[in-house]
There are 2 protein chains.
Amino acid sequence: MTESDGRTRRRDATRRKIFEAAVALIAEQGFSGTTVDEIADRAGVAKGTVFYNFASKTALYEELLRYGVGLLAAESRSAIEGLPPREAIAALIGAQLSYIQRYRAFAQLLLAEMWRTNREWQQTILLVREQAISVIVEVLEAGVASGEFPPELDPRISASALFGAGLVVALDWLLFSPERPVEEVQAGLLAVLRTRPSL
Amino acid sequence: MTESDGRTRRRDATRRKIFEAAVALIAEQGFSGTTVDEIADRAGVAKGTVFYNFASKTALYEELLRYGVGLLAAESRSAIEGLPPREAIAALIGAQLSYIQRYRAFAQLLLAEMWRTNREWQQTILLVREQAISVIVEVLEAGVASGEFPPELDPRISASALFGAGLVVALDWLLFSPERPVEEVQAGLLAVLRTRPSL
DNA sequence: AAAACTGAACTGACCGGTCGGTACAGAAAC
DNA sequence: GTTTCTGTACCGACCGGTCAGTTCAGTTTT
């Protein structure tokens, strides 16, 4: 299935251009605040091309959500591979921060949509949410099971807390003091947490 | 200035109805995803009445932001009054949680808009943000100054982390296990934090 | 040749804001 | 106390404009 014939490559490139334009614009203006004409413009592509590559604006959006969160989950999992719980948490935060640094627009978008109710794509959102959180929950559960974290630590609440803290800290960092190195922010974030790694 | 004239009372009631309808709908669907017709409908009021009471959809939205965050800041400040840093943090979290419990729609809305850029109301958002965060920063700074918190604790980063953790935990709580009592969630959240209060 | 893309024209639904008009509480005139 | 008047609050049909999505004949790329 690794098509690398010229046509598919071209098509993939176009899709990605549209994709990135859409993420950036929707993060800035929200879904309904963004027009397909704008997306096409920013992608440097004709409007017809957007609809040639995606069934609808909504379909584009759902695909975009799934893709972005899949990437985050994958990077998180590979970052914690083989690490004991304490180090895993630090690694998780590091991965989250650097991910948001690279795909800041996507993080904004995620934050904006994650707790919305009554949407047609509610189902997609829930799936996406679960994918992002479950990595953290697993690490915390392993840590509690091995006695490394105190048993009173509620894995779901803690995972939400970590996730939320990471998101907000990262976005604030990129918005207000983007010159600070990741490590500094990571350390700052870890300092608030009870679960300190040896680092 | 406490006008309790029949007309003014009626008008205030109408404004509040529109207000509440707008918060709920915008939280669910976003600003551009919500139509003025919907707001009027949910408020049980004619569309013209919305524009009679608010200059524009945007003006309504900005007023709504300022009002909501003002309330949060006020409750936070009164919750920490006279408390030493550690207890103040616990109180802050408690206040934040119970605020979000009452005005969940507003919290969603805040989360969705806070890191958006390129909007006409960017200025309003920044003000609102600062108002919410500064309460936390002050407590943290006082704690570091008095030696109660370690000096390596970065107040701004920590404040963002606390704020983000609180928001996300609260929204998850209300969405997925609203039957749990506040205290339990508060305790769960505090357990993740290094800064434990004596309670 | 065929797949991918272009770009402009078009449609029909929808949406923010307007505006002429109505209802009615309370003041003024009697 | 009743009638008349007045301005505020509210109503809802309507207008001008915007936008998602379609269509399609032509162009470029493979």
Side-chain angles (χ1 to χ4, degrees), chain A residues 1-26 28-65 113 118-121 124, chain B residues 1-26 28-65 113 118-121 124:
Chain A
M1 265 293 148
T2 323
E3 282 307 337
S4 55
D5 105 311
R7 280 194 289 267
T8 3
R9 242 206 315 273
R10 181 149 97 112
R11 198 168 177 184
D12 283 352
T14 305
R15 278 178 67 92
R16 186 159 47 252
K17 278 193 297 182
I18 296 172
F19 225 80
E20 278 160 16
V23 178
L25 285 167
I26 295 179
E28 274 171 19
Q29 312 176 335
F31 176 76
S32 357
T34 302
T35 70
V36 175
D37 287 279
E38 281 176 313
I39 295 174
D41 253 29
R42 163 107 55 136
V45 131
K47 185 180 183 181
T49 311
V50 175
F51 286 100
Y52 183 76
N53 280 282
F54 298 92
S56 67
K57 190 189 175 190
T58 306
L60 163 58
Y61 183 63
E62 284 187 341
E63 204 165 312
L64 173 165
L65 278 179
E113 299 294 337
N118 285 349
R119 298 211 79 78
E120 32 182 333
W121 53 69
T124 307
Chain B
M1 263 291 147
T2 321
E3 281 308 333
S4 53
D5 157 84
R7 281 193 287 266
T8 1
R9 242 208 314 274
R10 187 168 142 98
R11 186 163 184 189
D12 283 353
T14 306
R15 276 180 68 92
R16 186 158 45 252
K17 279 193 297 181
I18 296 172
F19 223 79
E20 277 159 17
V23 179
L25 285 167
I26 295 179
E28 275 171 18
Q29 312 176 335
F31 176 76
S32 359
T34 303
T35 69
V36 176
D37 285 281
E38 281 177 312
I39 296 174
D41 253 29
R42 164 105 56 134
V45 131
K47 188 179 186 176
T49 309
V50 175
F51 288 100
Y52 181 78
N53 281 282
F54 299 92
S56 66
K57 190 188 174 190
T58 306
L60 164 57
Y61 184 61
E62 285 186 339
E63 202 165 312
L64 176 162
L65 278 179
E113 299 295 337
N118 285 350
R119 298 210 79 80
E120 34 183 329
W121 54 69
T124 307

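Within every chain, numbering begins at 1; the chains are lettered A, B, ... in the order of the sequence lines, protein sequences first and strands thereafter. This is a predicted model, so every value here is computed, not measured.
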What is the distance, to the nearest angstrom, from the [atom1] atom on [X] to the [atom2] atom on [N]?
| X | N | atom1 | atom2 | answer |
| --- | --- | --- | --- | --- |
| A:K17 | C:dA4 | NZ | P | 15 Å |
| B:I39 | D:dG12 | CD1 | C1' | 17 Å |
| A:F54 | C:dA4 | CZ | C1' | 14 Å |
| B:L60 | C:dG17 | CG | P | 10 Å |
| A:R15 | C:dC5 | CZ | C1' | 14 Å |
| B:F51 | D:dA9 | CZ | P | 18 Å |
| A:I18 | D:dG21 | CD1 | C1' | 15 Å |
| B:D37 | D:dG12 | CG | P | 12 Å |

Tell me whether the side-chain N/O atoms of [X] come closer than 4.0 Å to OP1 or OP2 in [N].
| X | N | answer |
| --- | --- | --- |
| B:T49 | D:dC11 | yes |
| A:K57 | D:dA20 | yes |
| A:N53 | C:dA4 | no |

Review point. Just checking A:T34: base, sugar-phosphate only, or nothing, at a heavy-atom cut-off of under 4.0 Å?
Key: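 It contacts sugar-phosphate atoms only.
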Exercise for review: Scan B:S32 against the nucleic acid and name what it touches under 4.0 Å (heavy atoms): base, sugar-phosphate only, or nothing.
Suggested key: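 No contact.
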Check your understanding: With under 30° as parallel and over 60° as perpendicular, where do the rings of B:F54 and B:F19 fit, or are they tilted in between?
Key ->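 The arrangement is tilted - the two ring planes meet at 30° to 60°.
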Exercise for review: Measure from the side chain of B:Y52, starting at C-beta and using heavy atoms only, and say which of D:dG12, D:dA9, C:dC5 lies closest.
Suggested key: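 Given the options D:dG12, D:dA9, C:dC5, the side chain of B:Y52 is closest to D:dA9.
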Exercise for review: Choose from C:dC5, D:dC11, D:dA20 the nucleotide whose nearest atom is closest to any side-chain atom of A:R11.
Suggested key: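 Ranking C:dC5, D:dC11, D:dA20 by closest atom to the A:R11 side chain puts C:dC5 first.
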Exercise for review: Spell out, as yes or no, whether a donor-acceptor pair under 3.5 Å connects the side chain of A:T49 to the backbone of A:Y52.
Suggested key: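 Side chain of A:T49 to backbone of A:Y52, a donor-acceptor pair under 3.5 Å: no, none is there.
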Review point. Would a distance-only check, ignoring hydrogens and angles, find a side-chain to backbone donor-acceptor pair under 3.5 Å from A:T34 to A:G30?
Key: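 Yes, A:T34 side chain to A:G30 backbone: donor-acceptor pair under 3.5 Å.
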**Study point:** Pairing of B:R15 and B:E63 as salt bridge, 4.0 angstrom limit
**Key:**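 Salt bridge flag = yes for B:E63 with B:R15.
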Check your understanding: So, B:K47 and B:E38, do they make that salt bridge, N to O below 4.0 Å?
Key ->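 No, this pair does not count.
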